[in-house]
Amino acid sequence: DGGITQSPKYLFRKEGQNVTLSCEQNLNHDAMYWYRQDPGQGLRLIYYSQIVNDFQKGDIAEGYSVSREKKESFPLTVTSAQKNPTAFYLCASSIEWGQPNQPQHFGDGTRLSIL
Amino acid sequence: KNQVEQSPQSLIILEGKNCTLQCNYTVSPFSNLRWYKQDTGRGPVSLTIMTFSENTKSNGRYTATLDADTKQSSLHITASQLSDSASYICVVSALTGANNLFFGTGTRLTVIP
């Protein structure tokens with residue numbers, strides 16, 4: 001079955017440490033996204049990628065970095081510059097950027113906590 | 001300012017009962033409106049997508065309505081089941097803008113036996 005796989009499910013970070021969240025999709029989708037979900041707030045866009053080797057900042061990119069070296073992979077690094085990283089992180093993909101009537105498919109998220 | 005507001009924030013209903021969730025938006029220019037279901041600890045799953053010209057769309061026991069004039073949408077759940085317990089998120093897409101998806105904060109539905 002096609003889908004999006006995020007790993008790990010739970011991740012703990014020490015102060016001053018960078019951590020990388022994995023996102024892999026086998027849907028052959030061009031566009032991929034990273035969102036952050038906090039209690040009582042709507043999803044907020046961190047980074048998005050329209051196509052391989054391209055990515056753009058979303059609304060809350062500070063303290064995060066991404067890469068898109070392969071179509072199926074879009075890892076997110078939470079750097080030590082992100083002062084409040086505790087959240088639920090969701091990766092998503094869609095067939096093509098700019099196709100508004102196509103749904104986004106989401107992974108099952110990674111919950112990041114600070115030790 | 002583009003915003004999506006959902007009500008109520010949370011809702012508890014008895015199994016077998018119907019319920020309706022509300023979504024009001026100010027997103028412009030409007031492209032489409034989506035409802036997602038998110039189980040605890042999981043990612044959202046798309047239920048429906050409605051464009052400007054559609055005012056009703058069903059997916060099993062879920063029926064979404066859209067009034068583009070008043071910028072309101074509702075999600076009606078019929079004959080609720082315990083598995084309907086989840087958060088329901090309304091997402092509105094704008095026609096323009098690099099980041100053109102606007103997310104509501106969700107309604108947390110709990111179905112009790």
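Just so you know, these numbers come straight off a predicted model, no measurement behind them. In what follows, chains carry the letters A, B, and so on, assigned in the order in which the sequence lines appear, proteins first and then strands, with residues in each chain numbered from 1.
No other option in B:Gly43, B:Ser46, B:Gly41 has as many heavy-atom pairs under 4.5 Å with chain A as B:Gly43. Counting heavy-atom pairs closer than 4.5 Å to chain B, the top-ranked of the candidates A:Gln6, A:Gln104, A:His105, A:Arg111 is A:Gln104.
In the displayed structure, A:Ile114 atom CD1 is contacted under 6.0 Å by more than 12 heavy atoms of other residues, nucleotides or ligands. For CD of B:Glu5, the number of neighbouring non-hydrogen atoms (other residues, nucleotides, ligands) closer than 6.0 Å is 12 at most. A 6.0 Å sphere centred on NZ of A:Lys9 holds more than 12 heavy atoms belonging to other residues, nucleotides or ligands. By the 6.0 Å contact criterion, CD on B:Gln72 is enclosed, its count of non-hydrogen atoms from other residues, nucleotides or ligands being greater than 12. Around the NZ atom of A:Lys57, the shell of radius 6.0 Å holds no more than 12 heavy atoms that belong to other residues, nucleotides or ligands.
For B:Phe102, no part lies near chain A; criterion is any non-hydrogen pair under 4.5 Å. For A:Leu90, the part lying under 4.5 angstrom from a heavy atom of chain B is the side chain only. Looking at A:Gln56, there are no atoms closer than 4.5 Å to chain B (heavy atoms on both sides), in backbone or side chain.
Put simply, CD on A:Gln37 and CZ on B:Phe103 are 9.5 Å apart, with the number rounded to the nearest 0.5 Å. The CG atom of A:Asp38 sits 12.5 Å away from atom OG1 of B:Thr105, with the distance rounded to the nearest 0.5 Å.
Linking ILVMFWY residues whenever their side-chain heavy atoms come closer than 4.5 Å, directly or via other members, places B:Tyr25 and B:Leu21 in the same cluster. No continuous path of ILVMFWY side-chain contacts below 4.5 Å connects A:Val52 to A:Val66, so the two sit in separate hydrophobic clusters.
The shortest non-hydrogen separation linking A:Tyr35 to B:Leu101 is OH-CD1, 3.7 Å. Of all the heavy atoms in A:Phe88 and B:Gln38, the pair that sits closest is CE2-NE2, 3.9 Å.
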